Every structure is written in structure tokens, then in C-alpha cells.
Amino acid sequence: MRRCPALALKSSCHSHAYHSSIHTLTPPKRSMQQLKERRGVTTQEWRSDNKRVLLLGAGMVAEPVVEYLTRSGDVKITVADSNEAQAIALASQYRNTVPQHMDCDDRRNLKDEIQKHDLVISLLPHTMHPFIAELCVDARRNMLTASYATDELRKIAQRGAQKGIMMVNEVGLDPGIDHMLAMNLFDDIKRNNGTIESFESFCGGLPAPQFTNNPLRYKFTWFPRGVLLNALSEAKYLKDGKIVKIESGQLTKHAKPFEVLPGFNLECYPNRDSTIYKEAYGIESAHTILRGTLRYKGYSSAMDTLLQIGLFKTDKMNLSSFTWGDLTKHMLGDRHMSTTDCKKKLLALFDGDRLRVQTVVKLGLLDSSPIPAGLNSPIDALVDKLASSLMMPPDETDVIIMNHSVGVRLPSGKREMHRSNLVVYGEENGWSAMSKTVGLPVGIAAEMMMNGEIKERGLVLPFTKSIYEPMIAKLAMEGIVERREVESDDLD
């Protein structure tokens with residue numbers, strides 16, 4: 001995501017990074033073979049008229065995909081994961097669904113499974129998608145992911161197009177629903193002869209407001225390393241016709257209040273390269289294009305605090321005898337200073353900002369508890385600390401917030417601001433907002449692919465009306481609905 005617990009993600013067929021402790025399935029006490037026998041079905045026994053789906057990854061996002069696709073009764077799903085218990089737990093809840101223990105490093109086994117199915121849905125880490133895509137092209141099987149399309153995937157998709165294969169990408173939340181709602185909004189504006197002068201889009205997956213009582217105002221629903229590394233990313237956007245570049249490690253300094261939905265007390269900062277969407281979205285008239293991330297106010301300051309201390313460093317260190325306090329003091333220049341002196345040094349570093357010192361204290365970074373064995377760098381230690389203290393527990397809920405703001409000039413010369421707002425809450429003891437808004441569009445796109453509703457071949461993104469219009473309509477039937485508003489800039 002503009003940038004969601006598999007705390008030791010390997011290159012095996014393990015759940016996608018979206019996998020989370022928000023919604024944990026309890027494995028039934030039976031083996032995979034017993035489950036298949038109880039259901040009396042294997043992939044070899046499915047009728048030839050069944051639509052067969054291989055779902056790689058059984059984490060948080062997978063369940064909405066399975067639930068949606070099994071409604072019709074004519075889709076058979078194999079849920080494949082290296083975590084056998086997790087695959088069984090998911091498959092046991094839905095008809096026409098069988099589990100498969102699979103290690104995606106086993107190329108031959110994976111290739112055989114792909115050939116038994118009509119469609120492969122990969123919820124694996126994005127780094128594995130090219131490997132899966134190569135196998136799909138070789139087997140002449142269509143493929144679907146929620147992740148960003150990379151240059152490597154584009155090259156593989158070109159070879160797939162020659163074989164009549166479609167590779168659909170970017171159909172989750174962000175990327176995915178963000179593209180669809182933006183394109184639909186642009187259509188409405190252009191239909192009324194409006195000229196798009198600016199486009200700003202922000203999205204965030206957050207804990208529900210009542211669960212934000214920590215210095216980051218954030219809970220992790222996936223391995224924290226990805227979130228931390230995002231703070232080190234570069235960004236580029238278009239502002240008043242000029243390209244603005246943000247260097248690595250500077251994102252947290254560019255956060256600003258987000259006032260569009262003031263009830264949420266949010267801040268926003270740029271993410272990735274926004275300039276590519278001038279052409280991709282067909283908004284060449286826009287002088288400002290910015291896509292970014294939403295967080296609760298205070299997040300960027302807290303992250304910048306950790307960054308300035310040096311806890312994002314990847315330098316190898318022997319931390320075998322370190323406590324958390326030792327590490328923080330060491331990064332400040334003297335492992336053996338007293339805690340009182342350390343706090344004074346922090347106050348000096350942050351120009352007397354006591355809230356920043358409290359961030360360090362409340363996160364336990366001055367504690368005398370030992371750093372766990374096997375952690376060999378400051379960022380490794382920080383990731384472990386956050387994973388142990390700020391993962392979202394099953395009894396808490398999340399919220400997805402997305403906003404598109406489009407500056408428009410009408411033929412009369414009048415200016416308007418058109419907004420699309422999407423807010424989705426997670427369910428208590430049910431699906432998280434993240435799992436719904438990623439898993440359901442994936443399920444809908446898979447259904448459209450199997451029903452022949454997507455005609456393109458090669459790499460396919462949800463930028464065409466024949467894809468995003470029906471997807472928006474079907475998402476609305478699932479309760480995922482935007483709210484539109486228009487504000488006039490005319491003060492007369």
C-alpha cells in the first residue's frame with residue numbers, strides 16, 4: 001500500500017504481507033487429507049465445467065476472496081500455503097474449497113498445480129510475482145494479483161499476451177479501488193466539460209480511532225519492516241507544473257495536516273512517484289498531481305524521532321549483550337550513560353520537544369529488558385520491538401480512509417473542488433477493513449476474468465471503463481461505497 005502475522009516471511013508459499021493477526025482462523029483438528037476425504041473432492045475429481053482457481057496464500061486477505069468466489073457454486077478453489085494449518089482452517093469454512101500444503105520454492109510442484117487450474121491468484125509477497133508469472137505464461141494460465149505492476153512483470157506479460165494470457169494487477173485497495181474511483185470521477189468531470197487542473201489522492205489503513213493510544217497512533221497489521229522502510233523511500237510529485245522530489249529518509253519531514261476529513265485528526269505525506277499518473281489517468285491538463293499516505297497526527301513526528309536517533313540503520317552490530325536502553329544510548333554516542341543523561345541528550349537533540357522524548361520512553365526504548373538473540377542491526381531490533389508491542393490484536397478493529405480531491409475549471413471559468421471519500425470500518429470478530437477492501441475487489445476481478453468480462457490480454461490494469469465501472473458497482477453491493485461532494489471556489 002501507499003504504502004499490510006507472518007513475522008518470518010520466507011520465499012515459500014506463505015501468506016502475502018497483508019496477512020495479519022487482525023483476523024486469525026482457528027485450525028480444525030484434522031489433517032489436510034482428512035479434510036479432502038471428508039469433502040470427497042480433490043482437484044483431479046472436479047468436473048470439467050468447474051472454474052478452477054489456485055489461490056496462493058491463506059492469510060488475512062484470502063478469506064474474502066474465497067467467500068466471494070464460492071458463492072456461485074461453480075468455482076472450485078485450491079488454497080495453497082506453506083502453513084498447512086492455515087490453509088486447512090480457511091478451506092474448512094467454505095464449500096468447493098480444498099487446502100494444499102505447498103512450498104513455492106518447489107518449482108515442479110507449483111508448476112503442476114498451476115496446470116490443474118484455470119486462474120492463479122497470487123497473494124504472495126510482490127517479489128515472488130515474476131516467478132509465478134513465468135510459470136503461468138509457460139502453462140498458458142491467467143494470473144491475478146493486487147500488487148503494483150513492475151517493469152519485470154510488464155516484460156513477462158508481453159510474452160503472455162502472445163499466448164493469449166491476461167495478467168491482471170493493481171486490483172486491491174491501493175493500488176486498485178483508488179484507481180477505479182479516480183477514473184470514474186474523472187469521467188464525470190469530463191462528461192460535463194470540466195478541465196482537471198489538480199489531483200490529490202491520499203489513502204491509509206489505520207487502527208480505529210479508539211485504538212490509537214500509543215506514540216505512533218498506529219498498529220501494525222503486517223510485518224513492521226515494510227512500514228519502516230517506506231519512511232526511507234523517495235517520493236516525487238507535480239506541484240503547480242513543477243516536479244518536486246523528496247530524498248530518501250526525508251518523507252517524515254514533509255507531513256502536513258490533512259483537513260478534508262477533520263473528524264479523524266489526520267496528517268498526510270507523499271508516496272512513490274505520482275508524476276506517472278498524468279499519462280496513466282489521462283489528466284494531462286493537471287498542473288498538480290500528488291498521491292500520498294494518511295496517518296493520524298503525530299505519526300510522522302514519532303517516526304522521525306526513531307529515524308534521527310539512528311534506529312533505522314542497517315549496519316551490522318553485535319547486540320547479544322544489549323538492553324533496549326543500551327541500544328538507544330549507544331546510538332546517541334555513549335552506551336554507558338545514565339538514563340537521566342540520555343533523556344537530557346534526547347531533549348537537546350529535539351530542541352526541547354518533550355513529546356519526542358516521551359515517544360522513546362513509551363515505546364520501551366530505554367527499558368532494561370534484553371534485546372532478543374539473533375537481531376544484528378538497529379532496524380532489526382526496532383522491527384522486533386514494534387512487532388511485539390504494536391501489532392493489532394484480534395479484538396481491535398481498523399479503518400480504511402481514502403480521499404480524492406480534484407480541482408476543476410468549468411467552461412464558465414468557475415472553479416470547483418470535486419471530492420470522493422471512502423471510509424470503511426473493520427468488523428468486530430469479523431473481517432478487517434483491510435481484508436475487505438483488498439480481498440473483495442480481487443474476488444470480483446477474478447470472477448470477471450473467468451466470465452470473459454475482461455477482454456484485454458497481456459498486462460491489464462483497472463484503468464478502462466469496461467473494468468472499473470462494473471467493479472465499482474459490485475463493490476457497492478458489498479457495502480464499499482464512496483461519498484461524493486463538490487465545493488465551489490466562487491466566494492461571491
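No experiment lies behind these values; they were computed from the predicted model shown.
In summary, the aromatic rings of Tyr296 and Phe264 are positioned with their centroids too far apart to meet the 6.0 Å limit. His404 and Phe199 have their aromatic ring centers within a separation under 6.0 angstrom.
With hydrogens and angles ignored, the 3.5 Å screen pairs no side-chain donor or acceptor of Lys219 with any backbone N or O of Glu396. Side-chain N or O atoms of Arg52 include none that pairs as donor or acceptor with a backbone N or O of Ile77 at under 3.5 Å. A side-chain donor-acceptor contact under 3.5 Å links Lys278 to the backbone of Ala286. Panel note: side chain Glu428, backbone Asp395; no donor-acceptor pair is recorded below 3.5 Å. Asn214 contributes a side-chain N or O that, together with a main-chain N or O of Tyr218, makes up a donor-acceptor pair within less than 3.5 Å. A donor-acceptor pair is defined here as one N or O able to donate and one able to accept, closer than 3.5 Å; such a pair exists between the side chain of Arg141 and the backbone of Gln115. Put simply, the side chain of Asn142 never gets that close to the backbone of Leu119: no donor and acceptor are under 3.5 Å apart.
Summarising the local packing, CG of Asn451 is surrounded by more than 12 heavy atoms from other residues, nucleotides or ligands at distances under 6.0 Å. Other residues, nucleotides and ligands place more than 12 heavy atoms under 6.0 Å from the CD atom of Glu284. Dense packing is recorded around NZ of Lys297, with more than 12 heavy atoms of other residues, nucleotides or ligands lying under 6.0 Å away. For Gln210, the CD atom is densely surrounded, since the number of other residues' heavy atoms within 6.0 Å is greater than 12.
Remark: Arg291 is not positioned above the aromatic ring of Phe202, lacking an NZ or CZ atom under 6.0 angstrom from the ring centre and at most 45 degrees off the axis. A cation-pi geometry, defined here as NZ or CZ lying under 6.0 Å from the six-membered ring centre and within 45° of its normal, does not hold between Arg71 and Tyr94.
For Thr70 against Glu67, the heavy-atom pair with the smallest separation is OG1-O, 3.4 Å. Shown here for Pro470 and Met448, the closest heavy-atom pair between the two residues is CG-CE, 3.6 Å. Across all non-hydrogen atoms, the minimal contact from Ala149 to Leu461 is CB-CD2, 4.1 Å. When all heavy atoms of Ala157 and Leu459 are compared, the closest pair comes out as CB-N, 3.4 Å. Listed here is the closest heavy atom pair of Ala231 and Met303: CB-CE, 4.1 Å. The shortest heavy-atom contact between Glu267 and Gly298 is OE1-N, 3.3 Å.
Leu206 places none of its side-chain heavy atoms less than 4.5 Å from the side chain of Asp398. Within the 4.5 Å cutoff, side-chain heavy atoms of Ser122 are placed close to those of Met143. When side chains are defined from C-beta on, Thr293 does not count as touching Cys268, because their heavy atoms never get closer than 4.5 Å. Leu386 has its side chain within reach of Phe220: a pair of non-hydrogen atoms, C-beta onward, lies under 4.5 Å apart. In this structure, the side chains of Met391 and Pro224 come closer than 4.5 Å at one or more pairs of heavy atoms. Two residues are said to be in side-chain contact when any heavy atoms from C-beta on lie closer than 4.5 Å; Pro378 and Phe312 fail this criterion. For the pair Asp106/Arg108, a side-chain contact is recorded, criterion being any heavy-atom separation below 4.5 Å from C-beta on. The shortest distance between side-chain heavy atoms of Arg272 and Ser233 does not fall below 4.5 Å.
Of the inter-residue distances, the one linking Glu134 atom CD with Glu152 atom CD reads 7.5 Å to the nearest 0.5 angstrom. Taking OG from Ser432 and CE from Met60, the interatomic distance works out to 4.0 Å, rounded to the nearest 0.5 Å. For the atom pair OH of Tyr237 and CD of Glu200, the computed distance is 9.0 Å after rounding to the nearest 0.5 Å. Considering CG of Asn403 and CG of Asn421, their distance stands at 5.0 Å, rounded to 0.5 Å. Thr150 OG1 to Leu153 CG: the interatomic distance, rounded to the nearest 0.5 Å, is 3.5 Å. Here the CD1 atom belonging to Ile114 is positioned 9.5 Å from the CG atom belonging to Asp112, to the nearest 0.5 angstrom.
With salt bridges taken as basic N to acidic carboxylate O contacts below 4.0 Å, one links Arg159 and Asp138. Ion pairing between Glu447 and Lys51 fails under the 4.0 Å rule for side-chain N and carboxylate O. Between Asp380 and Arg225 there is a salt bridge, since a side-chain N of the basic residue sits under 4.0 Å from a carboxylate O of the acidic one. Between Glu453 and Lys474, at least one side-chain N (NZ, or NE/NH1/NH2) sits under 4.0 Å from a carboxylate O, which counts as a salt bridge. Looking at Lys245 and Glu247, no side-chain N of the basic residue comes within less than 4.0 Å of a carboxylate O on the acidic one, giving no salt bridge. Glu113 has a carboxylate O that lies under 4.0 Å from a charged side-chain N of Lys116, or vice versa, which qualifies the two as a salt bridge.
With Leu56 as the partner, the side-chain contact (heavy atoms from CB on, under 4.5 Å) test is satisfied by one option alone out of Leu110, Asp81, Thr78: Leu110. When Leu375, Ile371, Leu365, Leu363 are each tested for a side-chain contact (heavy atoms from CB on, under 4.5 Å) with Lys385, only one passes: Leu365. Checked options Val481, Ile480, Leu181; the residue passing with Ile472 is Leu181 (criterion: side-chain contact (heavy atoms from CB on, under 4.5 Å)).
Using modelled atom types and a 3.5 Å distance limit, the side chains of Glu456 and Thr464 yield a donor-acceptor pair. For the residue pair His179 and Tyr281, a side-chain donor N or O sits within less than 3.5 Å of a side-chain acceptor on the partner. Defined by atom type and a distance below 3.5 Å, a donor-acceptor pair is missing between the side-chain atoms of Glu234 and Ser248. No donor-acceptor contact under 3.5 angstrom links the side chains of Asp103 and Ser82, judged on distance only. Counting only N and O atoms by type, the side chains of Tyr468 and Asp187 include a donor and acceptor under 3.5 Å apart. If you check the side chains of Asn96 and Lys76, you find a donor sitting under 3.5 Å from an acceptor.
Evaluation of the side chain to side chain donor-acceptor pair (under 3.5 Å) rule for Arg419 yields Ser405, Glu487 as partners, not counting sequence neighbours. In this structure Asp315 satisfies the side chain to side chain donor-acceptor pair (under 3.5 Å) test with no other residue, sequence neighbours excluded.
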Working for side-chain contact (heavy atoms from CB on, under 4.5 Å), residues Leu173 and Asp178: CA-CA 6 Å; Leu173 168 67; Asp178 57 344; over 6 Å; no
side-chain contact (heavy atoms from CB on, under 4.5 Å) assessment of Ser435 paired with Glu63: CA-CA 8 Å; Ser435 66; Glu63 187 176 359; over 6 Å; no
Evaluation steps, side-chain contact (heavy atoms from CB on, under 4.5 Å), between Leu290 and Leu238: CA-CA 6 Å; Leu290 170 61; Leu238 188 67; over 6 Å; no
Steps toward side-chain contact (heavy atoms from CB on, under 4.5 Å) verdict (Lys465, Asn184): CA-CA 8 Å; Lys465 185 174 296 192; Asn184 205 39; over 6 Å; no
